[in-house]
Amino acid sequence: MRSPERTVPRTAGLLAALLGLLLPLLALTPAAHAAPTGLRVENGRLLEASGNDFVMRGVNHAHTWYADRIGSLAHIKAKGANTVRVVLSSGDRWTRNDTADVANVVAQCKQNRLICVLEVHDTTGYGEQSGAVTLSRAADYWISVQSALTGQEDYVVVNIGNEPHGNSGYTAWTADTKAAIQKLRGAGFGHTLMVDAPNWGQDWAFTMRDNAASVLAADPDANTVFSIHMYGVFDTAAEISDYLGRFVAAKLPIVVGEFGHDHSDGNPDENTVLAVTQQLGLGYLGWSWSGNGGGVEYLDMVTDFDPDRLTSWGERLFNGANGIAATSEEAAVYGSGPGDDTTAPTAPGTPRASAVTASSVTLNWGAATDAVGVTGYDVVRISGGTESAVTTTTGTSATVTGLGANTSYTFAVYARDAAGNRSQRSGTVTVTTSPGGTTGACEVGYRVTGEWPGGFQGEVTVRNTGSSAVDGWTLRWAFPSDQRITHMWGGTPAQSGAEVTVTSASYTASIPASGSVTLGFTGTRSAANPGPTAFSLNGADCSVA
C-alpha cells in the first residue's frame, strides 16, 4: 500500500475497462517444466509440494517499520490466518532488513504455522514516487539474503516488489517483471514468486491482466503468482468479479494481495472481494494488522497492535461472512511430518467475575497448558444450549462491555494452540449486572437515519448532563442483532462481536456542560435492525433518550 495522497485516473481506468471487455485475454500456454520442490503453481492454482490446494487467508504486517512487534505473528495466527505478508525493506528507503532478520521472520512464521509471503516495499510507486527503486534492485536484495530463504520453499513465497510502478511509466511493467523473475531463477531461487500489479498495485490500465500469460511463460519454473491490490479502483462488484474471473478462466494464478474496507481514492467493495475470492477459491491478504499512519489509520485491524482490540475492519475481516475465521485452512505442510501437534490444550480455569457494573464485567481465569504453547483464549457467552463469541485474547483476563443492566449472563473460556487445536470448555460463571439508572451525567440518543438491503446509516448523540465539561471520552454499547459498523465519523470505533467501543475524535473530545456531540456511521446488517438499549460513557451508565 502507498500513502493516501494517491490519485487514480478514473476516466482512463474506465476507458481501459471498456476496451478490455472487447479484447480477449491472451492466454499463452507455457512449456512443461519440472515441478518445484515446495509451493508451486499448476493449472492456475497454488499447490503445496504434496499436491494439496493452498488458498491464502491472511493479513499484511508492517514488520520493517515495527521490527519490535514480531510477536504479532502469533496473534495473527490466533485469529485464524494461515498466511502473513511481511513488509521488508532493501535499505533504499527504510532501514534494511538483513539476512539474520529475514531468517528470524521465516522462523517465526514457521513456529506459528503460517505461510510467509515476504515483500520488498522500496519499489512502491516506481516512476512516480520519489526514492522508489526498480524491480531489478529488489531482485538484488533477495539475492543478498538468499541464504535465509534456501530450503524454505515449502513455507515462503517471495513477493518481488510491492506495487512496482505508479501511474507513470507503467507500460514497462511487463519487461521489468520478466527480467526480475529471470534474475532470481538464474540465481537459484526455486520459490514460488509473487508479482504485484502496476498502477500502485491496482492495474486500472490492465497491464498485468493482459500480459500475465506471457509473464508466466517467461518464468523458467512456471511458478509465478499474480497479486492485485483492491482499493478505490475496485468499488463495484462487477469490476471485482470481472477482473478475478478473467484470470481464473485463463488458468492464471491470482491472489488479492492487499485490500481494505475504505481508502482515500475511493470506497472498495470489500464484501464482494471476500465473497468472490471464496467462490473462486482464491487467496486474499487484508491490509493491515496495525501501525498505519498518514491518514489511513482506519485500515488498522487492531488498535496499537493489541489483539484484544479489534477495529471494525478487523472484526469484518476475521469474523465476518467469508472472513478468515470461517474460511482459512492451515497449510498441510504443518501436518505432514512426525510429531504433529494434534493434542489440544488443557481447559482453562473457571473464570471469576469482578468489577461488575451495569454494562460491563471483568473475567479472569487460570491459564491452560499445552505441549507446544497456548496462543490465545476465546471467551463465549452461553444462553440456553447455544454459545456466541464475545472476544479473543492472548492473556488470562478480558473485560466484556456493552451488557444490559440488571441482567444475568453466563460466560466460559476455551484455549487454543498454534496448531489450531481447541481445548475443552472451561467451567462457567454466571454474573448479574448492576441495576441501571441515571448515575452517569450523560444521555445518549440513537437513531437509524437510513436503511437499504444489507446496510444502514446511524446517528448517536451524546449529551453531557453534568455541571462540568467532559474532556476525552469512551462510549460503549452492544448491538442487539448482527449489526457491524463499517465506517464512522466523529469517533474511532472498535467492535468485538456485538460490543462496540468508540473513542472520541480530536474534534469531539470535549463536551461542555449541557452540550452534546453527534457521531455518524454506516453499518451492515442481515434483516432485523433494532437499536441498542444501554450505553456507558467513561464507564458510567447513561440514560437513553
Report task. Tell me yes or no: between the side chains of Asn159 and Arg85, is some donor less than 3.5 Å from an acceptor? Result -> yes

Query - Results of ring pair (Phe, Tyr, Trp, His ring centres under 6.0 Å) for Tyr243 - residues two or more places apart only - result: Phe234, Phe247

Requested in this report: Verify side chain to side chain donor-acceptor pair (under 3.5 Å) between Thr474 and Thr503, making sure each step is shown before the conclusion.
Outcome: CA-CA 5 Å; Thr474 300; Thr503 54; over 6 Å; no

Query raised in the report: Which residues pass the ring pair (Phe, Tyr, Trp, His ring centres under 6.0 Å) test with Phe521, sequence neighbours left out?
Result: Phe456

Query raised in the report: For residues His165 and Asp176, is any side-chain donor paired with an opposing acceptor at under 3.5 Å?
Result: yes

Query - Donor + acceptor pair across side chains of Glu163, Asn199 (<3.5 Å) - result: no

Query raised in the report: Is the closest side-chain donor-acceptor distance between Asn97 and Ser89 under 3.5 Å?
Result: no

Query raised in the report: Got a second to check how far Phe259's CZ is from Asp269's CG, nearest 0.5 Å?
Result: 10.5 Å

Query raised in the report: Between Asn292 and Asp300, do the side chains contain an N or O donor and an N or O acceptor separated by less than 3.5 Å?
Result: yes

Query raised in the report: Regarding His63 and Asp101, is there a side-chain donor-to-acceptor distance under 3.5 Å anywhere?
Result: yes

Query raised in the report: Between Ser147 and Thr99, is any side-chain donor less than 3.5 angstrom from a side-chain acceptor?
Result: no

Report task. Give a yes or no on whether the backbone of Pro164 and the side-chain of Thr123 come within a donor-acceptor separation of less than 3.5 Å. Result -> no

Query raised in the report: Do the ring centers of His121 and Trp65 come within less than 6.0 Å of each other?
Result: yes

Query raised in the report: Under 3.5 Å, is there a donor-acceptor pair linking the side chains of Asn538 and Arg476?
Result: no

Query raised in the report: In terms of side-chain heavy atoms, does Glu499 have a donor or acceptor partner in Trp477 at a distance below 3.5 Å?
Result: no

Report task. To the nearest 0.5 angstrom, please state how far the CH2 atom of Trp289 sits from the NE2 atom of His75. Result -> 7.5 Å

Query raised in the report: Should the pair Glu330-Arg57 be classified as a salt bridge under the 4.0 Å nitrogen-to-oxygen rule?
Result: no

Query raised in the report: Taking atom CE of Met194 and atom CE of Met56, what is their separation to the nearest 0.5 Å?
Result: 4.0 Å

Query raised in the report: Rounded to the nearest 0.5 Å, how far apart are CG of Asp262 and CG of Asp235?
Result: 11.0 Å

**Report entry** Straight-line distance of Ser227 OG to Met208 CE, nearest 0.5 Å
**Finding:** 6.5 Å

Requested in this report: Could you pull out all residues at least two apart from Thr362 that satisfy side-chain contact (heavy atoms from CB on, under 4.5 Å)?
Outcome: Ser354, Ala355, Asn364, Thr399

Query raised in the report: Restricting to pairs with a member in residues 312-322, which pass side chain to side chain donor-acceptor pair (under 3.5 Å), not counting sequence neighbours?
Result: Asn271-Arg316, Glu315-Asn319

Query raised in the report: Is the NZ or CZ atom of Arg381 positioned over Phe411's six-membered ring, under 6.0 angstrom from the centre and within 45° of the axis?
Result: no

Report task. Output all residues satisfying side-chain contact (heavy atoms from CB on, under 4.5 Å) with Val195, sequence neighbours left out; order by chain, then residue number. Result -> Ile160, Trp173, Thr177, Ile181, Thr224, Phe226

Query raised in the report: Taking only residues two or more places apart in sequence or in another chain, which ones pass ring pair (Phe, Tyr, Trp, His ring centres under 6.0 Å) with Trp365?
Result: Tyr377

Query raised in the report: Just checking, any donor-acceptor pair under 3.5 angstrom between side chains of Glu258 and Tyr231?
Result: yes

Requested in this report: State which residue, out of Thr311, Leu274, Leu310, fulfils the side chain to side chain contact (heavy atoms under 4.5 Å, CB included) condition with Leu317.
Outcome: Leu274

